[in-house]
Visitor: 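Pasting a structure below so you can have a look.
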Amino acid sequence: MESIKGYVKSVVFRNADNGYTVLTISVDGEEETVVGTLPAVDAGDIIEAEGLRSSHPVYGEQFRASSYRVILPDGAVQIERYLASGAVKGIGEALASRIVKRFGDDTFRVMEDEPERLAEVKGISLRKAREIALAMEEKREARDAMVFLQGYGIGGVLATRILKRYGDEVYTVLRTNPYRLADDIEGIGFKTADEIAMKSGMTADDAYRIRGGLLYTLSRASQEGNCYLPGDVLVREAQALLGIGEDGGRFAKELLQLQIASRVVCLLPDTEEEVPLTDARTKVYDAHLYRMERDCAFLLRRLKEAGDSAGRISGEKIRQRVKRIIAESGVTPDEEQERAVLESALRGVTILTGGPGTGKTTTINTILRYYAAEGMEVFLAAPTGRAAKRMSEATGYEAKTIHRLLEVNGAPDEEGGFSRPRFERNEQMPLEADCIIIDEMSMVDIRLFHALLKAVPPGAHLVLVGDAAQLPSVGPGQVLRDLIDSGRFPTIVLQKIFRQEEASDIVLNAHKINAGVHVRLDTHAKDFFFMKRDDSRVITKHIVELVRDKLPPYLGVPRSQIQVLTPMKKGDLGTIALNRALQSQLNPPAPGKREYDFGDMTLREGDKVMQIKNNYQAEWEVLGRLRVVTERGTGIFNGDMGVVKEINEALRILVVEFDEGRRVTYPFASVQELELAYVVTIHKSQGSENPAVVLPLLGGPRLLMNRNLLYTGVTRARSLVVILGSEQTVYTMTDNTEQAVRYAGLREQIEQMDQSLS
């Protein structure tokens, strides 16, 4: 680490959002370029910075500052130079000269302690003296705040975000309840807030710390798919996080305070005995998730009643029309497919589920023909862009992502530290459709389902299509499973494989896996291969060869359409290690190919990447001929995949082109929203379909390596599946129906809603 000290001659560039700055400073008469997060530094300042020198291929030698401090000018000459630089609003060169000539070395003291005396200088009125004093005070406060945050180990982009959020309140927040940072500021988790709290002298059993730990534990649980936690599980995990021993009473007291503050909802079992909040039978919800489950139950009941009533008016007539449409289509559906079409016309909410090859698409197309013949409006949607595109191709109708269907707005709603997207379509402005068909429902979490239901008008028909055997959503809840298990909505399960003699081995084997039957791995099928390998290094080598050399010509597709899926992120066959191996072979460094290092990851122009969080404010644009913008919008979502098109280190930006040509510009500070995607987890692959899928399977945790995971991975392939690894792993996964417990209460809410209204 090197230190540098000099006078700031100019601010060449500054990003107002993250504070990234390029400065020119004078060090002993020599000019130096300093770059880094320097939000409180202006021309005229004297800074002392620590960092490292680096050589940029375009911009030459630079000093990358990792920390810095602003040093006040010392003596009349330095003070005049500082004021003449324009650092203080309202003072130019001539005025700076007159001020320093009047007050000399005492200038700064006068400006801060006796600002009215500035009126003694020709050209400065009493009003202007006050304005200059205010400008000096603002600069001093900004510098002091940065120094204050650095005292807690906070610097750079994080400090900029904190100051932007709290302003003068930052001192109170950090000294009284640093855990607010985890609620209020993106990029700060509980652990960072906890470190700050410990530095500020907070005790391990402080009430704010326990409450923060409980909320963080609930938040982490929702990221793992849960809507609530049992009281005992919540306390046990919070105790482990906080390093506090058994003290159930203290945790119960803080849970009660959180409930009073409307941050959580604690549901006690229906019993006459007194049950503590920390009991295994107590369900502790994030208050927002509880309200979403409750609202979903009410909205479903309303849709069911309105839609079913409409169906009863002319039920027999509708049956006759459905049969006529089926006869005219030339398709001969089985009994369940015909029932699905009929129920979709008669009922407010209908569920259609089944595995690959069972006719879900044929059934959807027949439903579409029925509504078209009736002159009714039908909307199609799916959770991801890839799933929506497949739906469009299969039906010939436009399908949108659910977010676009609901017209997502870039500015999220924020309440109580909880941020969610704002949709233009809601109860006040519902969707203008007679029927709404949603595909890939297994991917839909409780948050997105809640937003969808609010936009469906009573009387419209909602058809939910999905494969219940697939993995549940990445987000909280198990919506499709809970809807089916509630038994309150007509559910059509398609099981018959049509044209079985023509079906691919992918389809046949997927159904065998779902039924718990061991598939034959020694066959010579054209679309389902198994390569027995027991060494992870050998498997990695073969994966590279398959993706780079063998599969593209075999299938006649580009490398980008060969997707490697793996059960986990870590380990020799996890996404991290395999992405590095494939990146080095498929997109190696080359002259003129720019790259950006972020933590342990290098992103390079041409890399295949995935968005790993919902960003409702990200702006995208589609370029037409001559690079003219033809479309604009907001919102990039978890699971969207694209290619890095441009990296510009001077502007500190990276441009990614996603599906449908949507180009998004990321500041370097937001690059953590991206991951390499040559390899993705099977969980993240939901809703996608690729010509070929490569699955390395060589063991892993029992709760992870189960039938659902294997089935989901296999069904992501359209034309070819290649499994590399151990036969025993494949068979063990087929036999293993164990899954991690997912705490969700939509089914119970639906049942209770029905009981209360019946």
Visitor: I'd like to check the ring pair (Phe, Tyr, Trp, His ring centres under 6.0 Å) partners of Phe598; sequence neighbours left out, ordered by chain and number.
Guide: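 With sequence neighbours excluded, Phe598 shows a ring pair (Phe, Tyr, Trp, His ring centres under 6.0 Å) to no residue whatsoever.
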Visitor: Between the side chain of Thr634 and the main-chain N/O of Ala618, is any donor-acceptor distance below 3.5 Å?
Guide: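 Such a contact is absent between Thr634 side chain and Ala618 backbone.
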Visitor: Go through it in stages, so that I can follow the logic: the residues are Glu50 and Lys5, the test is salt bridge (charged side-chain N to carboxylate O under 4.0 Å, His left out), and I'd like the CA-CA distance, side-chain angles, deciding distance and then a yes or no.
Guide: CA-CA 9 Å; Glu50 288 192 341; Lys5 180 179 177 181; over 6 Å; no
Visitor: Side-chain contact test, heavy atoms from C-beta onward, threshold under 4.5 Å: evaluate it for Glu48 versus Ile4 and give yes or no.
Guide: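 Not touching, per the 4.5 Å side-chain cut-off.
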Visitor: Does the side chain to side chain contact (heavy atoms under 4.5 Å, CB included) test come out yes or no for Leu674 and Gln611, once each step is laid out?
Guide: CA-CA 5 Å; Leu674 297 170; Gln611 175 80 11; 3.7 Å; yes
Visitor: Near Glu424 CD, under 6.0 Å, is it more than 12 heavy atoms from other residues, nucleotides or ligands?
Guide: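 Yes, enclosed.
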Visitor: With a 4.0 Å cut-off, would you call Glu120 and Arg102 a salt bridge?
Guide: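 Judged by the 4.0 Å cut-off on N to carboxylate O distance, Glu120 and Arg102 do form a salt bridge.
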Visitor: Pair Val8, Val41 - check side chain to side chain contact (heavy atoms under 4.5 Å, CB included), show working.
Guide: CA-CA 8 Å; Val8 179; Val41 178; 3.8 Å; yes
Visitor: Walk me through whether Val22 and Gln62 qualify under side chain to side chain contact (heavy atoms under 4.5 Å, CB included).
Guide: CA-CA 9 Å; Val22 179; Gln62 298 177 334; 5.7 Å; no
Visitor: Check whether NZ of the Lys or CZ of the Arg Arg211 lies under 6.0 Å from the centre of the six-membered ring of Tyr208 and within 45 degrees of that ring's axis.
Guide: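 Yes, Arg211 sits over the ring of Tyr208.
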Visitor: Above 12 or not: heavy atoms from other molecules or residues under 6.0 Å from CD of Glu2?
Guide: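 Counting other residues, nucleotides and ligands, CD of Glu2 exceeds 12 neighbours.
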Visitor: At what distance, to the nearest 0.5 angstrom, does CD1 of Ile124 lie from CG of Leu95?
Guide: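 If I round to the nearest 0.5 Å, the distance is 4.0 Å.
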Visitor: CZ of Arg109: more than 12 outside heavy atoms within 6.0 angstrom?
Guide: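 Counting other residues, nucleotides and ligands, CZ of Arg109 exceeds 12 neighbours.
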Visitor: Do the side-chain N and O atoms of Tyr216 and Asp194 include a donor-acceptor pair separated by under 3.5 angstrom?
Guide: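 Tyr216 vs Asp194: no donor-acceptor pair found between side chains.
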Visitor: So, does Asp607 use its side chain to make a donor-acceptor pair with the main chain of Val609 at under 3.5 Å?
Guide: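 It does not hold such a pair.
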Visitor: Can you name the nearest heavy-atom pair linking Leu118 to Ile99, along with the distance?
Guide: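 Answer, listing the atom of Leu118 first, then Ile99: CD2-CG2, 4.1 Å.
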Visitor: Which atom pair, heavy atoms only, marks the closest approach of Tyr68 to Thr37?
Guide: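 Here Tyr68 and Thr37 meet closest at CE2-O, 3.7 Å.
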Visitor: Please work out which of the three classes, parallel, tilted or perpendicular, describes the rings of Tyr179 and Phe190, given edges at 30° and 60°.
Guide: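 Aromatic pair Phe190/Tyr179 classed parallel.
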Visitor: Between Thr217 and Gly213, is there a donor-acceptor pair closer than 3.5 Å when you use the side chain of the first and the backbone of the second?
Guide: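 Judged by distance alone, yes, a pair lies under 3.5 Å.
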Visitor: If you apply the rule side chain to side chain contact (heavy atoms under 4.5 Å, CB included), what do you find for Glu407 with Met429, and how did you get there?
Guide: CA-CA 11 Å; Glu407 298 176 22; Met429 195 169 80; 4.2 Å; yes
Visitor: With a 4.5 Å limit on heavy-atom distance, are the side chains of Phe658 and Val643 in contact?
Guide: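 Not in contact.
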Visitor: Taking the six-membered ring of Phe63, is the NZ or CZ of Arg53 close enough (under 6.0 Å from the centre) and on axis enough (within 45°)?
Guide: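 No cation-pi geometry.
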Visitor: Using modelled atom types and a 3.5 Å cut-off, is there a donor and acceptor pairing between side-chain atoms of Asn579 and backbone atoms of Tyr678?
Guide: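 Judged by distance alone, yes, a pair lies under 3.5 Å.
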Visitor: Indicate whether any N or O donor in one side chain lies under 3.5 Å from an N or O acceptor in the other, for Lys684 and Asn638.
Guide: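 The answer is yes; a qualifying pair exists.
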Visitor: Heavy atoms, side chains only, cut-off 4.5 Å: are Tyr666 and Asn615 in contact?
Guide: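 No, side chains not in contact.
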Visitor: If we ignore hydrogens and angles and just use 3.5 Å, is the side chain of Arg180 paired with the main-chain N or O of Asn177 as donor and acceptor?
Guide: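 It does not hold such a pair.
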Visitor: If you look at every heavy atom in Leu603 and Ile647, which pair is closest and at what distance?
Guide: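 Here Leu603 and Ile647 meet closest at O-CD1, 3.4 Å.
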Visitor: Would you check if the side chain of Asp105 reaches a backbone N or O of Gly75 as a donor-acceptor pair within less than 3.5 Å?
Guide: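 No; zero donor-acceptor contacts below 3.5 Å.
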Visitor: Taking the side chain as C-beta and beyond, is there a heavy-atom pair between Val35 and Phe13 under 4.5 Å?
Guide: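 They are not in contact (no side-chain heavy atoms under 4.5 Å apart), so the answer is no.
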Visitor: Parallel, tilted or perpendicular for His403 and Phe637, by the 30°/60° rule?
Guide: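 It falls in the parallel class, under 30°.
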Visitor: Within the structure provided, determine whether Val622 and Arg632 are in side-chain contact (heavy-atom separation under 4.5 Å).
Guide: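 Counting from C-beta outward, Val622 and Arg632 never come under 4.5 Å.
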Visitor: So, for Leu23 and Thr21, which heavy atoms are closest and what is the spacing to 0.1 Å?
Guide: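 Looking at all heavy atoms of both residues, the closest pair is CD2-CG2, 3.5 Å.
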Visitor: CD/Glu605 to CG/Asn648 distance, rounded to the nearest 0.5 angstrom?
Guide: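 So the CD of Glu605 and the CG of Asn648 are separated by 9.0 Å.
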Visitor: What do you reckon, is CG of Asp28 surrounded by more than 12 foreign heavy atoms closer than 6.0 Å?
Guide: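 Result for CG/Asp28: open.
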Visitor: Can you tell me how far CZ of Arg64 sits from OG1 of Thr33, rounded to the nearest 0.5 angstrom?
Guide: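 Output value for this atom pair is 11.5 Å.
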Visitor: Please evaluate residues Glu595 and Arg604 with respect to the criterion salt bridge (charged side-chain N to carboxylate O under 4.0 Å, His left out), reporting the C-alpha separation (whole Å), side-chain torsions for both, the decisive distance (0.1 Å), and the verdict.
Guide: CA-CA 4 Å; Glu595 56 185 48; Arg604 194 171 290 133; 2.8 Å; yes
Visitor: Mind checking whether Leu83 and Met111 have side chains closer than 4.5 Å, heavy atoms only?
Guide: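 Of all side-chain heavy-atom pairs linking Met111 with Leu83, at least one is under 4.5 Å.
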Visitor: Given Glu131 and Lys128, is the salt bridge (charged side-chain N to carboxylate O under 4.0 Å, His left out) satisfied, shown in steps?
Guide: CA-CA 5 Å; Glu131 290 173 353; Lys128 186 165 186 175; over 6 Å; no
Visitor: Might you point out which heavy atoms bring Ala204 and Ile244 nearest each other, and give the distance in Å?
Guide: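 That closest heavy-atom pairing would be O-CD1, 3.3 Å.
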Visitor: Between Glu646 and Arg594, is there a side-chain heavy-atom distance shorter than 4.5 Å?
Guide: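 Arg594 reaches Glu646 side chain to side chain.
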Visitor: Provide the closest heavy-atom pair for Leu405 versus Arg425 in the form atom of the first, atom of the second, distance.
Guide: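 Where Leu405 meets Arg425 most closely, the heavy atoms are O-CG, 3.9 Å.
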Visitor: Let me see the working for Glu660 and Arg404 under salt bridge (charged side-chain N to carboxylate O under 4.0 Å, His left out), right down to the final yes or no.
Guide: CA-CA 13 Å; Glu660 302 170 329; Arg404 292 187 74 180; 3.4 Å; yes
Visitor: With a sphere of 6.0 Å drawn around CG of Asp113, does it hold more than 12 non-hydrogen atoms of other residues, nucleotides or ligands?
Guide: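 Yes, enclosed.
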Visitor: Counting heavy atoms not belonging to Glu619, are there more than 12 under 6.0 Å from its CD?
Guide: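 Atom CD in Glu619 is not packed in, count stays at 12 or less.
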Visitor: If you measure from OG1 on Thr107 to CZ on Arg117, what distance do you get to the nearest 0.5 Å?
Guide: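 That separation rounds to 10.0 Å.
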Visitor: Using a 3.5 Å distance criterion without hydrogens, assess whether the side chain of Asp45 forms a donor-acceptor pair with backbone atoms of Ile47.
Guide: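 No; zero donor-acceptor contacts below 3.5 Å.
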Visitor: Atom CD in Glu31, atom OH in Tyr7: separation rounded to 0.5 Å?
Guide: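 Answer for the CD-OH pair, Glu31 versus Tyr7, is 11.5 Å.
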Visitor: Hey, is NZ on Lys593 packed in by over 12 heavy atoms from elsewhere, all under 6.0 Å?
Guide: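 Yes - once you tally the heavy atoms of other residues, nucleotides and ligands closer than 6.0 Å, there are more than 12.
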Visitor: Within the 4.5 Å heavy-atom criterion, are Pro476 and Arg447 side-chain neighbours or not?
Guide: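 Answer yes - side chains close enough.
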Visitor: Once you round to the nearest 0.5 Å, how far does CG of Leu406 lie from NZ of Lys400?
Guide: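 Rounded to the nearest 0.5 Å, the CG-NZ separation comes out at 10.0 Å.
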